[in-house]
Student: 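Submitted below is the structure of interest, expressed as structure tokens.
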Amino acid sequence: MLKQVLALSVAAALISGCTATQKPMTPPLTNAELNSSLVNTQTVVIDAINAQCAQQSVEISALSAEMRKLKTQVSTAMAERPKTIVMPPPQRVRPIAIPDQCSEATIGEKFILGEVESVYVDEVKAKFATRIDTGAESSSLDARNIVLFERDGVQWARYDVMTNGIDQPANTFESKVEKFVRIKQDVDSDDDRRPVIHAHLKIGKYSAETDLNLVDRSHLDYPLLLGRKFMKDIAVVDVGQIYIHGKAKDQITTLNK
């Protein structure tokens, strides 16, 4: 009997020791608790990132302000710096040789004429100082003592031209009259009826043909005048130049001097 009581006592003691050494059991998390924990963690992370971005924005704004301030200081310093002007060394000026005869020029198929040119008229075998006049329609040659006559039923003209110079006797020429033209000098005067001859001209290296009306030009500056009809389709005029095609030494010059 005593042995049974002792055995029961020992067994009870052993059971009590095992119970005392065991740890309490933690109950498992539910889905709702787990989701709530994740949301809280996400909120904390987002708040930390926003706070870091805000701090970086403040630092960038401060850095930009410093750069603008530095740029202003540099611009001010450059403006206050005395300017140094570097003068290039003087260039050596080479003398330009001016030829007796200007180079002839063309524009497309047309040649250029100056306001005054030396023109050779084959019909009277002489060169004249010639006014190239875009304001005149027809062309005219200084002719004196004009006499009209018929030859073989055709109208001709006999006229004098000062081919030897204004202080020398004139030479007499005869040419067939191609037609007559009426020239209106001014409003108050009558029409001037002039005979027209056909002439062959040479200007520099260029040859051309045109009609010349015969008239006394002793009161004008040039013995020969070429108008728009001559220049049409063959020449253009540069009024800023004279004798582009050369000045003939033996040309008949101004008549009224």
Side-chain angles (χ1 to χ4, degrees), residues 104 106-166 168-185 190-237 243-248 250-255:
E104 298 171 352
T106 59
I107 298 179
E109 297 181 354
K110 298 182 179 182
F111 64 94
I112 302 175
L113 295 174
E115 188 179 24
V116 179
E117 295 287 353
S118 291
V119 179
Y120 177 80
V121 181
D122 186 60
E123 279 63 26
V124 295
K125 310 300 180 185
K127 297 177 182 177
F128 299 91
T130 305
R131 170 73 186 277
I132 312 299
D133 190 358
T134 57
E137 181 178 10
S138 58
S139 303
S140 59
L141 173 67
D142 179 58
R144 319 283 179 86
N145 305 318
I146 302 173
V147 177
L148 300 175
F149 65 95
E150 285 190 7
R151 177 178 292 167
D152 299 329
V154 178
Q155 191 80 50
W156 281 66
R158 181 181 298 112
Y159 52 94
D160 295 338
V161 180
M162 311 296 290
T163 55
N164 299 317
I166 59 175
Q168 301 296 324
N171 288 330
T172 302
F173 300 92
E174 294 180 351
S175 301
K176 185 178 71 172
V177 176
E178 300 292 335
K179 60 182 178 179
F180 289 89
V181 295
R182 292 188 178 274
I183 306 297
K184 189 74 172 180
Q185 296 291 342
D190 296 332
D191 291 348
D192 185 12
R193 185 172 181 266
R194 304 175 184 177
V196 177
I197 67 171
H198 191 71
H200 298 78
L201 312 180
K202 189 171 183 180
I203 306 174
K205 67 178 183 180
Y206 297 97
S207 298
E209 298 180 26
T210 193
D211 288 338
L212 300 176
N213 62 69
L214 303 179
V215 62
D216 188 343
R217 294 178 55 87
S218 58
H219 60 290
L220 299 174
D221 289 338
Y222 297 95
L224 179 62
L225 179 141
L226 295 180
R228 294 191 303 272
K229 286 185 177 180
F230 165 74
M231 293 174 280
K232 184 179 179 181
D233 300 330
I234 65 170
V236 293
V237 181
Y243 296 113
I244 294 177
H245 301 274
K247 180 178 180 181
D250 56 345
Q251 68 177 359
I252 308 304
T253 58
T254 304
L255 297 180

Student: Take L201 and F128 through the test side-chain contact (heavy atoms from CB on, under 4.5 Å) and record every step on the way to the result.
Tutor: CA-CA 11 Å; L201 312 180; F128 299 91; over 6 Å; no
Student: Return the minimal non-hydrogen interatomic distance between G165 and I252, and the atom names on each side.
Tutor: N-CD1, 4.1 Å
Student: Do K202 and D122 have side chains that approach each other closer than 4.5 Å (heavy atoms only, starting at C-beta)?
Tutor: no
Student: Have a look at F173 and tell me which of I197, T163, D160 forms a side chain to side chain contact (heavy atoms under 4.5 Å, CB included) with it.
Tutor: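 Exactly one pass, corresponding to T163.
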Student: Consider side chain to side chain contact (heavy atoms under 4.5 Å, CB included). Of I203, I244, I234, which one does L113 pass it with?
Tutor: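 With L113 as partner, side chain to side chain contact (heavy atoms under 4.5 Å, CB included) holds for just one option, I203.
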Student: State, with a plain yes or no, whether a side-chain heavy atom of I183 is found less than 4.5 Å away from one of S138.
Tutor: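 In contact.
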Student: Within the 4.5 Å heavy-atom criterion, are N145 and D216 side-chain neighbours or not?
Tutor: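 N145 does not reach D216 side chain to side chain.
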Student: Side chains of K229 and D211, heavy atoms from C-beta outward: is any pair under 4.5 Å?
Tutor: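 Not touching, per the 4.5 Å side-chain cut-off.
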Student: Distance only, no hydrogens: is a donor on one side chain within 3.5 Å (strictly under) of an acceptor on the other, for S175 and E123?
Tutor: no
Student: What I'd like to find out is whether the side chain of D142 reaches to under 4.5 Å of the side chain of L224, using heavy atoms alone.
Tutor: no
Student: Scan T130, V119, L212 and name whichever one has a side chain to side chain contact (heavy atoms under 4.5 Å, CB included) with L141.
Tutor: L212
Student: Any idea which heavy atoms bring E117 and I132 closest together, and the distance?
Tutor: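 Nearest heavy atoms, E117 then I132: CG-CG1, 4.2 Å.
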Student: Mind running side-chain contact (heavy atoms from CB on, under 4.5 Å) on I112 and V236 for me, showing each step along the way?
Tutor: CA-CA 5 Å; I112 302 175; V236 293; 3.9 Å; yes
Student: For residues Y120 and K125, determine if any side-chain heavy atom of one lies less than 4.5 Å from a side-chain heavy atom of the other.
Tutor: yes
Student: Run the side-chain contact (heavy atoms from CB on, under 4.5 Å) check on F180 and V177 step by step: do they pass?
Tutor: CA-CA 8 Å; F180 289 89; V177 176; 3.9 Å; yes
Student: Decide yes or no for R131 and D221: does some side-chain heavy atom of the first lie under 4.5 Å from some side-chain heavy atom of the second?
Tutor: no
Student: Measure the acute angle between the ring planes of F111 and Y206, then classify it against the limits of 30° and 60° as parallel, tilted or perpendicular.
Tutor: parallel
Student: Can a donor-acceptor pair be found, under 3.5 Å and without considering hydrogens, that links the side chain of R194 to the backbone of L214?
Tutor: no
